[in-house]
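Reading through the structure tokens given below for one structure.
Lettering of chains follows the sequences in order, A, B, ..., and the numbering in each one begins at 1. Quick caveat, the model's predicted, so the values are computed rather than measured.
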Amino acid sequence: MKCDHCERPAVVHEHLIRKGVIREVHLCAEHALEAGLAVPAAQPVAEVLLHIAKSTQGDAARPRALASCTGCGVSFAEFRKTGTLGCPACYDCFQPMLGQVIERAQAGGTAHVGRAPKAAAEVELRRVRREKLMRELDSAVTAEQYERAARLRDELSAIAPDAGDAPGREASGPSGPAR
Amino acid sequence: MSPASSIIDVAALARLGPEPDVVISSRVRLARNVSGLPFVNRATHAQRHEALRLLRKAVERSVAPGLAWLELHGAAPRDRTLLVERHLVSRHFAESDAPRALAVSPDERTSLMVNEEDHLRIQALQSGLALDSCFAAACGVDDALAGAVDWAFHPRWGYLTACPTNVGCGIRISAMLHLPALRMTREIERVQNAAKDLHLAVRGYYGEGSVTDADFFQVSNQTTLGSTEEALLAEFRDVVLPRLVAYEREARQQLLTRDRMMLEDRVHRAQATLGAARLLAHDEAMRLLSRVRLGAALGLLPVDMARVQRLMLEIQPAHLSLLRPDAGVGDDAERSVRADYVRQALS
């Protein structure tokens, strides 16, 4: 069934009561959002994205999201197409547009309040160090520096907390302290 | 006991649990991603292997021993299908040849999918209405892994997931429901619309992407951000699920009161067909077993509901070929074996 206002398929079907008269409406995601109706969460991302993209056009006052993620290179256009992000860094790179997508898809949820890793800060430090080592490992492999690559691989394994996490251990590696 | 039947005995879907007339099984799933690696869809072959290596090490050291580790990219097609039929992995996960694995406990109540959409999906599955114990089991694995893996976590968005619809708690709470009376009374569409208003996903027997034209529905939460896991669980357990179960029971009572003859006719016809058919396709068998299950639940048929539940598992293609390895190859051979198997089981 088509949307009442355009040619797109309707995803919201509602009975609205106005001045005692019941009216049946069939709307696409974009027009449903304009009418203030909830869009079924099973299919929102791509549709909601279209709406967000439109509503943010020409709004120079807002902070701009990056065109592509600095962590993995995924573009916001690719995310619009697939509905999936490329890496954890996408969540920061694609603000504020991604934030609006999330809030709509999550029925207004704006921040996490549930379980959390025990030491999120330590995790962040280890992540930064691991990413640095992985970049170095890639370049060592590309340059065919296999001894260096083996050493870096050992260092990577040693970062995992289950391999021993004694105080000072992280900062004692040849690559220096985590940033 | 033959090896095949011992394999089937541990499947959660082969048994009856609490509230068995409507609730077939309960599941809680937690999505986690390893910090420092791209999400699976963007990861290179080497990075997917790295995630496998890292998570295997963590699981073997930290989670209760005895989990079997199955690498699906090297598994035979029938074994992959078997896992889908037992609801341990999705079809998409089973069919891909990218590096991926399933770790599963001997009782199959706890399993871990590695490199599905997210690096790790912790799953707890039990028969009947058992959401609290599923939640406790999933959190137990999450706690055990907490010191062994660094998860991608954001101060505002919580656990980061490939699809932002899972971000926050990364939790999916779901129940497999048997809703034949709502379909017979044509109320099912109203219930599906109401479910959408409650931010629930309604899917078919095999989860995402499977058809909902049978009487079995997997219902799950869709919001994962802004509420604690406990609050999401409480809402699903205390508000959503009781309402859906009550709708189905009311529809059954309505049929018994207003359309008893039609209801009896349908369940008896289904039983008779299953007892007489010589060729049975899987979808036809499921439709008929659904009616027999309804008849058993309402006391209209002298059939053990547990037996029906078990048959629903056994007559799936991969299970059937495991139970009846002597069966020939081809659609007719499979349908013939299935009909024979069902006739014997219900005689």
Side-chain angles (χ1 to χ4, degrees), chain A residues 12-14 38-42 44-45 69 71-74 78-79 82-92 98-99 101-103 105-120 122-124 126-131 133-134 138 141 156-157 159-163 165, chain B residues 30 33-43 46-47 50 53-54 57-58 61-62 117 139 142-143 146-165 167-171 193 195-197 199-203 222-232:
Chain A
V12 173
H13 311 274
E14 292 281 351
V39 177
V45 175
C69 173
C72 64
V74 160
E78 281 176 86
F79 167 57
T82 63
T84 52
L85 297 161
C87 77
C90 292
Y91 278 90
D92 284 326
L98 180 61
V101 174
I102 293 174
E103 285 170 26
Q106 294 284 349
T110 55
H112 177 59
V113 293
R115 292 165 71 87
K118 280 176 187 145
E122 287 174 31
V123 169
E124 180 61 14
R126 280 195 289 266
R127 181 187 68 77
V128 170
R129 175 120 197 276
R130 190 179 291 119
E131 280 179 2
L133 282 172
M134 286 183 81
D138 279 348
V141 170
L156 264 171
S157 301
I159 291 180
D162 56 343
D165 220 2
Chain B
L30 299 173
N33 284 283
V34 178
S35 172
L37 285 175
F39 295 137
V40 178
N41 65 320
R42 194 73 183 174
Q47 285 167 328
E50 171 65 5
R53 186 195 65 77
L54 205 145
K57 192 170 146 193
R61 284 194 186 179
S62 311
E117 184 179 277
C139 290
D142 192 34
D143 289 341
V149 190
D150 290 345
W151 300 125
F153 186 84
H154 190 283
R156 176 179 176 193
W157 302 118
Y159 289 99
L160 300 179
T161 51
C163 183
T165 53
V167 79
C169 299
I171 193 169
N193 287 336
K196 281 178 186 164
D197 291 342
H199 301 288
L200 300 171
V202 181
R203 299 186 168 119
Q222 292 239 86
T223 51
T224 52
L225 186 73
S227 299
T228 62
E229 290 83 355
E230 287 80 4
L232 291 167

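- Looking at every heavy atom in both residues, B:W157 comes nearest to A:I102 through CZ3-CG2, 3.7 Å.
- Chosen from B:N33, B:D142, B:V34, B:I171, the residue pairing most often with chain A at heavy-atom distances under 4.5 Å is B:D142.
- Shortest non-hydrogen contact noted between B:T223 and A:A107 is CG2-CB, 3.6 Å.
- Using a 4.5 Å heavy-atom threshold, the side chains of A:V74 and B:F39 count as separate.
- Judged by distance alone, with hydrogens and angles left aside, the side-chain atoms of A:Q106 form a donor-acceptor pair with the main-chain N or O of B:T224 at under 3.5 Å.
- In terms of heavy atoms, A:G73 sits closest to B:R42 at C-NH2, 3.8 Å.
- Summarising the geometry of A:T84 relative to B:C163, their closest heavy-atom pair is CG2-CB, 4.3 Å, with the distance given to 0.1 Å.
- Judged by distance alone, with hydrogens and angles left aside, the side-chain atoms of B:R156 form a donor-acceptor pair with the main-chain N or O of A:T110 at under 3.5 Å.
- By the 4.5 Å heavy-atom criterion applied to side chains, A:P117 and B:D150 are not counted as neighbours.
- The most heavy-atom pairs under 4.5 Å with chain B, out of A:G114, A:A111, A:C90, A:G99, come from A:A111.
- The contact between B:N41 and chain A is made entirely by side chain atoms (from C-beta outward), counting heavy-atom distances below 4.5 Å.
- Heavy atoms only, all atoms of each residue included: A:G109 and B:L225 are closest at O-CD2, 3.3 Å.
- The candidate from B:A231, B:A43, B:G36, B:P38 with the greatest count of non-hydrogen atom pairs under 4.5 Å with chain A is B:G36.
- A distance of 7.5 Å separates CG in B:L37 from CZ in A:R130, rounded to the nearest 0.5 Å.
- For B:L232, no part lies under 4.5 angstrom from a heavy atom of chain A.
- Listed by chain and residue number, B:F153 satisfy the ring-ring contact (aromatic ring centres under 6.0 Å, His included) test with B:Y159 (two or more places apart in sequence, or in another chain).
- A donor-acceptor pair is defined here as one N or O able to donate and one able to accept, closer than 3.5 Å; such a pair exists between the side chain of B:E229 and the backbone of A:R115.
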